[in-house]
Amino acid sequence: MKYTASRLSAGNKIFPTEIHLESTGITIKIPGLFKGETKQFDFNHIASVEIDTPLVGFSSISIYAGGTQMTASGFTKAEVKQIKEGIEKGKSSLKSGTNTGGSSSSIADELKKLKDLADSGVITASEFEQQKNKILGN
C-alpha cells in the first residue's frame, strides 16, 4: 500500500514523502531537490513505531530500527494509524510464521539455534532432526 504526504504540509510542497507498506517491510522515500533519502526497514528489524497526531495539522510517524530513526510527516491521522497497524500486523505475522515472504536468512538462523541446542545437549539428535525437517518443510 502506498501513502503520499500532503503537498500542503511543510517539506512536501514540491516532492511529497512516500511510504510504501509491503508484505516484508516498509520503505520511506523522502525526496529532495538535489538529493533524497530512501530507507527500507524489514518488519523483523523495526524496534518501535511512534506517531504524533496533533489536534490541528498534519501527523508524523517515526520508525526506529537498528539504531536508525526515520521520521516522515505530512500525513493524516488516519494514515499514520493505518501505517502503524500495518507494521504491527507485519511484525506479528513474522513472529507467528504466517508471512509467506520469509527469507532464507531467518531459516538459517533457526537452524543455527536448533544446532546450538543439540550441541549443548538441550535436545536430542532425533529431536533436532524432527525440528529441522519441520523448519525445512520436509
(request) Give a yes-or-no answer on whether the side chains of Q69 and T71 include a donor-acceptor pair shorter than 3.5 Å. (result) yes
(request) Indicate if Y64 and I26 have the same hydrophobic cluster label, given that clusters are the connected sets of ILVMFWY residues with side-chain heavy-atom separations under 4.5 angstrom. (result) no
(message) Looking at K84, I want to see if its NZ is surrounded by more than 12 non-hydrogen atoms of other residues, nucleotides or ligands under 6.0 Å.
(response) yes
(request) Count the heavy atoms of every other residue, nucleotide or ligand shown that sit under 6.0 Å from NZ of K89, and state whether that count exceeds 12. (result) no
(request) Taking all heavy atoms of F58 and all of S9, pick out the closest pair and write down the distance. (result) CD1-CB, 3.5 Å
(request) Mark yes or no for whether R7, through its side chain, and P16, through its backbone, hold a donor-acceptor pair below 3.5 Å. (result) no
(message) For the backbone of E37 and the side chain of K29, can you confirm whether one donor and one acceptor N or O come within less than 3.5 Å of each other?
(response) no
(request) Would you name the heavy atoms of A72 and I19 that are closest together and state the gap between them? (result) CB-CD1, 4.0 Å
(request) Report yes if some heavy atom in the side chain of F41 is under 4.5 Å from a heavy atom in the side chain of I28; otherwise report no. (result) yes
(message) Ignoring hydrogens, what is the shortest heavy-atom contact between K13 and L8? Give both atom names and the distance.
(response) NZ-O, 3.1 Å
(message) Nearest 0.5 Å, please: how far is NZ in K2 from OG1 in T27?
(response) 12.0 Å
(message) Could you check whether D116 pairs with K112 (Lys NZ or Arg NE/NH1/NH2 to Asp/Glu carboxylate O, under 4.0 Å)?
(response) yes
(message) Any carboxylate oxygen within less than 4.0 angstrom of a Lys/Arg side-chain nitrogen, looking at K132 and E129?
(response) yes
(message) Closer than 3.5 angstrom, by distance alone: can the side chain of Q131 be matched with the main-chain N or O of F128 as a donor-acceptor pair?
(response) no
(request) Working to the nearest 0.5 Å, report the span between CD of E79 and OG1 of T53. (result) 13.0 Å
(message) Is any side-chain heavy atom of Q40 closer than 4.5 Å to one of E22?
(response) yes
(request) Please report the closest heavy-atom contact between F43 and I87, naming both atoms and the distance. (result) CE2-CA, 3.7 Å
(request) Grab the two heavy atoms, one from N12 and one from S73, that are nearest each other, plus how far apart they are. (result) ND2-O, 3.0 Å
(request) Grab the two heavy atoms, one from F75 and one from T17, that are nearest each other, plus how far apart they are. (result) CZ-O, 4.0 Å
(message) Is there a continuous path of hydrophobic side-chain contacts, each under 4.5 Å between heavy atoms, that joins I61 to M70?
(response) yes
(message) Pair T68, K39 - check side chain to side chain contact (heavy atoms under 4.5 Å, CB included), show working.
(response) CA-CA 10 Å; T68 304; K39 289 205 186 219; 3.4 Å; yes
(message) Just verifying a value: how many Å separate E110 CD and K115 NZ, rounded to the nearest 0.5 Å?
(response) 16.0 Å
(request) Ignoring hydrogens and angles, tell me if any N or O in the side chain of K77 forms a donor-acceptor pair with the backbone of S59 under 3.5 Å. (result) no
(message) Quick check: do I46 and I63 have side-chain heavy atoms less than 4.5 Å from each other?
(response) yes
